[in-house]
Amino acid sequence: MEPAKPTEISSRTLPFTDQWSPMLAIPAPVCRLENFLGAERADALLEYVISRRADFSAGTVLDPLSGQASHKGRDSLVLPVTSEVFSRHLADCLPLVQEVLGHRASLTRSLTVLTAHGEGGHYGVHTDATRVRDVSTAVSAVYYLHRRPRGFGGGQLRLFDTTVHDGTVRPADSYRTVEPEHDTIVFFPAGAFHEVIPSTCPSGQFADHRFTLTTWISGEAAATTPSDQPRIWQWLARAADHTRPVDGFAGDHDGATPAVLPPAHPATRLAVPGTVR
Ligand SMILES: O=C(O)CCC(=O)C(=O)O
Ligand SMILES: [Fe+2]
């Protein structure tokens, strides 16, 4: 049979107009790595997290205007930690992550907390601007851990798109969903709006919670040349502007302490596909 000839849709059906003003909706760049620590070490870390149960406390949010910490819109347990090995892995994958995220600034410091979400655990829509000096260049990294079979439901991470329309940049209602899969890590711009939707934990046991090792990675000080960053990063930073603490960054509201990220090690850094190591 002959293929049908295309039919022109007449401009009576689809008229021309000079009132044409579509809205740009851009997904936040995300880089996801599976099997990040490997089965054995991920299980060892999970056992460690469970063993620290008594040391977790309620996580806070910071009001950017008043500088006050509160529990508004958040029900998570947190425990600040540092780990040389985890930091080295982060440093070794940053060249690849930066390539995927279209990120150009230098990243030298990190803040890390363990988190646990149980029955009703959630973290309302926010940016991570309160965790870093310069949200236009900082990266958030969330490493997920949980028992198998999974003892919790829900708890997905939603990463909101950004709309750019008539010179205004704002977070969109649309989003991408990240499943909190054991031994996977996601990286995304710290200025992207995101939320953790409520989790359930039918057993009520701490060991069945949704666990993360959450890290905020940034440079030393405010970037002097943010225009080096691709446009999407600049838009994200503009949309996140009102979430920056007006008094600037004055230490972490959950007690995380800054650690220096080593440079990527030539022998262990992840290769960027398509380049010579
Ligand atoms: O747990 C997650 O998936 C995200 C956590 C988060 O957004 C945060 O701790 O700032
Ligand atoms: Fe966050």
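Quantities reported herein were computed from a predicted structural model and do not represent experimental measurements. Excluded from the calculations below are hydrogen atoms, water molecules and symmetry mates; all remaining heavy atoms, backbone and side chain alike, are included. Read the numbers this way: they start at 1 and go in the same order the structure lists the ligands and their atoms.
Crowding of R88 atom CZ: a count of heavy atoms from other residues, nucleotides or ligands under 6.0 Å not exceeding 12. Environment of CZ in R41: crowded, with over 12 heavy atoms of neighbouring residues, nucleotides or ligands closer than 6.0 Å.
Panel detail: the Fe ion (ligand 2) has protein N, O or S atoms under 2.8 Å away, 3 in number.
Taking the six-membered ring for Trp and the full ring otherwise, F152 and F211 have centroids separated by 6.0 Å or more.
Residue T212 approaches ligand 1 through these ligand atoms, each under 4.0 Å from one of its heavy atoms: 1 (O). Of all the atoms in ligand 1, the ones that sit under 4.0 Å from a non-hydrogen atom of Y144 are 2 (C), 3 (O). Close approach of ligand 1 to L157 is summarised as follows: ligand atoms under 4.0 Å from at least one heavy atom of the residue are 3 (O), 4 (C). Of all the atoms in ligand 1, the ones that sit under 4.0 Å from a non-hydrogen atom of H126 are 6 (C), 7 (O), 8 (C), 10 (O). The atoms of ligand 1 that sit less than 4.0 Å from any heavy atom of D128 are 10 (O). For ligand 1, the atoms lying closer than 4.0 Å to a non-hydrogen atom of V142 are 1 (O), 2 (C), 3 (O), 4 (C). Residue T214 approaches ligand 1 through these ligand atoms, each under 4.0 Å from one of its heavy atoms: 9 (O).
Considering all non-hydrogen atoms of both residues, A69 and H253 come closest at CB-CB, 4.4 Å. Closest heavy-atom contact between Y144 and P180: CD2-CB, 3.4 Å.
Using a cut-off of 4.0 Å between Lys/Arg side-chain N and Asp/Glu carboxylate O, D63 and K72 are scored as not salt-bridged.
Checking each of T184, T214, D183 against Y143 for a side-chain hydrogen bond (donor to acceptor under 3.5 Å, both in side chains) leaves exactly one that passes, namely D183. Residue E181 forms a salt bridge (Lys or Arg N to Asp or Glu O under 4.0 Å) with just one option from R150, R148, R210, and that option is R150.
When non-hydrogen atoms are compared, ligand 1 lies under 4.0 Å from neither the backbone nor the side chain of E195. With a heavy-atom cut-off of 4.0 Å, F188 does not touch ligand 1 at all. Residue H194 touches ligand 1 through its side chain alone, judged by heavy-atom distances below 4.0 Å.
H117 contributes no side-chain N or O that, together with a main-chain N or O of S76, makes up a donor-acceptor pair within less than 3.5 Å.
Between the side chains of T243 and H126, no donor N or O sits under 3.5 Å from an acceptor N or O.
Remark: minimum distance from atom 8 (C) of ligand 1 to any protein heavy atom is reached at Y123 CE1, 3.4 Å. Summary of contacts: the protein heavy atom closest to atom 4 (C) of ligand 1 is V196 CG2, 3.5 Å. Protein heavy atom in closest approach to atom 1 (O) of ligand 1: R210 NH1, 2.9 Å.
Under a hydrophobic clustering in which Ile, Leu, Val, Met, Phe, Trp and Tyr are joined whenever their side-chain heavy atoms come within less than 4.5 Å, directly or via other members, L114 and F187 fall into the same cluster.
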Evaluate the ring-ring contact (aromatic ring centres under 6.0 Å, His included) criterion for residues H194 and F188: first the C-alpha distance (whole Å), next the side-chain angles of each, then the deciding distance (0.1 Å), finally the verdict.
-> CA-CA 10 Å; H194 56 283; F188 55 89; 4.8 Å; yes
